[in-house]
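Structure record follows, encoded as structure tokens.
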Amino acid sequence: MLRTHTCGELRISQTGQNVSLCGWIQRNREMGGLTFIDLRDRYGITQLVFNMELNASLCGDARKLGREFVVCIQGKVAERSNKNPKIPTGDIEILVEKLTILNTSKVPPFTIEDHTDGGEELRMKYRYLDLRRDENKRNMLLRHRMAIEVRNYLNSKNFIEIETPFLIKSTPEGARDYVVPSRMNEGEFYALPQSPQTFKQLLMVAGYDRYFQIVRCFRDEDLRADRQPEFTQIDCEMSFVNQDDILNTFEGLATHLFKTILDVDVADFPQLPYEEALKLYGSDKPDIRFGMTFIELNTLMKGKGFRVVDDAGLVVGIKAEGCGEYSRKQLDALTDFVRKPQVGATGLVYIKYNPDGSIKSSVDKFYSPEDMKQVLDEFQAKPGDLILILAGDPDQIRSSMSDLRLEMGKRLNLMTSGEFKPLWIVDFPLLEWDEESQRYHAKHHPFTSPKEEDIPILESDPVSVRANAYDLVINGVEIGGGSVRIHNKELQQQLFKVLGFSDEEATAQFGFLMNAFEYGAPPHGGIAFGFDRWVTLFGRGESIRDFIAFPKNNAGRDVMIDSPSALSNEKLNELGIETTR
RNA sequence: GGUCUGGUAGUUCAGUUGGUUAGAAUGCCGGCCUGUCACGCCGGAGGUCGCGAGUUCGAGUCUCGUCCAGACCGCCA
């Protein structure tokens, strides 16, 4: 070993020891006869001292070191006369006796510091330099610790980690697949898994009754701050369980992670049916760190001559406590907010309950003070509160109101960082109608079991069928989701039929699974968590990219290695592929 | 596929109504400095204003196109 210690571990108790350290030059401070150097490695920073009077040539060598040079030094640990309380090694320094340059470095294009001067684009191009920064090191370490604790917990519950293949086959449902041409089977393609879904079900058939995998998944869809083309799931499946068993098991996982990683005790995992979530929050991933739940006002506000409301399928409001004194300008800003194309409302109605008890609204023309008071009472509003109301198509307006609720939560500082409020959303619909393809799509995936009591209406009223499906939501982030699966060939065939597959198509796509179900498939179910999102949530980050060592940009490009890239004609020929552009 | 924002020194940014030699901070280079730790002080170098057209006597600034980056909508079982 070139080193006896790391740059983060020496303390005053080691004074007098001869040590050797290796690391990168963080900074060079020349004081005439004295030169200080901060030496950095993964573990921390240790100060080196060179003295012109004691060793002029060594001190001269030290002064020639540039930022990010890699060096190995030998010397003696000494107590500092001026200690630095800001760093763990701040009580000591190394009186250097020997200096070896292991490698030089070009001047890096941005500073390797907590508050770097480098922008996003540049740091992504030089990701290996960016990863030297403390912030990124912390994020990578957090990710590592969480992965270890996931394995610890699941191992302790008898889950075993089994790898499943990446080169699989394209399936008709769900996201677009990434495809890989097969050289040995010209004209045919593998697909990369969107998740190991069918394989984990086959493992249940095989009798491996508790499986998990921390596994990469691939989806060829447009990206966002919380989406990458390849992302990591904690993929889990269990046999001989019902929905409550699954939820209990993975509440245990969440509790374990909260405790071991953040030292936070989270006891409560309320369950909210999907339909309730939409009614109360307008969203299937509500942030329940604050209330401000929706109140529907159809009966109170319709029929008073206000066209927008009278024609609306839904009139819904929220109460912003203490906002009764909002100025015209602030209210206009909220109106502009809801009218943004992404939010999509046409206008905003407000009722100000003034601190003096008087009432002022944007629709005084249509409603008497008594009408208004009734609405205020419905919200149990107090003087000083503000009611915000949207009206229109129910789906659209719930979505807009959800955006407005979150915006008000932000403005009123109701989303406390460091507070975690998980909940389960349960009873998702099994199917949804897709306008584009004019057929039903599985909301979760086509192997999700319907609620037993809803099976009779599977063919007569498909959209009303509820599924044994659930999502774990924490602070408005969808952390994971799963379902109890179908383990019966007949029911699976029936569902494929509702989804519009012919028997031939179903056999071609999923015959292997249906065959397996004929050989003693146990009842089973599972869940998959978005590991990148979970780490980002725990790390209080904005973007999952900051918690992935080598992420891709919003066009799916890796700007460091410059991928994707064109293939040579030789390679294309070998694969039997012609490109059209 | 669409909407919005941005692109000026190595880097992060400023740049007025279109008008003389495009600025600041930081980094870099040189000099001074024996207790610094975001060291300090003095000096210096550093620019295809993303790219291409257009308008104009004159474009970093206005128009159009294009490329790149970011956020969002569609999309993401």
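Chain naming here is simple, since letters A, B, ... match the order of the sequence lines and numbering starts at 1 in each.
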Checklist entry - Considering only heavy atoms and no angle criterion, is a donor-acceptor pair shorter than 3.5 Å present between the side chain of A:Asn553 and the base of B:G70? => result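 It does not, because no donor-acceptor pair links the side chain of A:Asn553 to the base of B:G70 below 3.5 Å.
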
Item to check | Polar side-chain contact A:Arg227-B:C75 base: donor and acceptor under 3.5 Å | outcome: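 Side chain to base: pair present.
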
[Y]/[X] salt bridge by N-O under 4.0 Å criterion:
X	Y	answer
A:Arg219	A:Glu230	no
A:Asp562	A:Arg557	yes
A:Asp114	A:Arg133	no

Item to check | Residue whose closest nucleotide on RNA chain B lies nearer the 5' end, A:Asn554 versus A:Phe447 | outcome: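 Whichever sits nearer the 5' end wins; that is A:Asn554.
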
Next on the checklist: What's the separation between atom CD in A:Gln47 and atom CG in A:Asp38, rounded to the nearest 0.5 Å?
Outcome noted: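 One gets 6.0 Å once the value is rounded to the nearest 0.5 Å.
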
Write down the distance separating the [atom1] atoms in [N] and [M], rounded off to the nearest Å.
N	M	atom1	value
B:G18	B:C73	C1'	37 Å
B:G19	B:C33	P	47 Å
B:G30	B:C13	P	29 Å
B:C68	B:C62	P	23 Å

Checklist entry - Under 30°, 30 to 60°, or over 60°: which ring-plane class applies to A:Tyr128 and A:Tyr126, parallel, tilted or perpendicular? => result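 Aromatic pair A:Tyr128/A:Tyr126 classed perpendicular.
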
Reckon [X] has a side-chain N or O less than 4.0 Å from the OP1 or OP2 of [N]?
X	N	result
A:Arg545	B:A71	yes
A:Arg224	B:C73	yes
A:Arg123	B:U11	no

Item to check | Per-nucleotide protein contact string for nucleotides 37-47 of chain B, where B marks a base within reach and S marks sugar-phosphate only (heavy atoms under 4.0 Å, - for neither) | outcome: BSB--------

For nucleotides 4-10 of chain B, which of its nitrogen or oxygen atoms have a protein nitrogen or oxygen under 3.5 Å away, and what is each distance?
{"from": "B:G10", "atom 1": "N2", "to": "A:Asp117", "atom 2": "OD2", "distance (Å)": "3.3"}

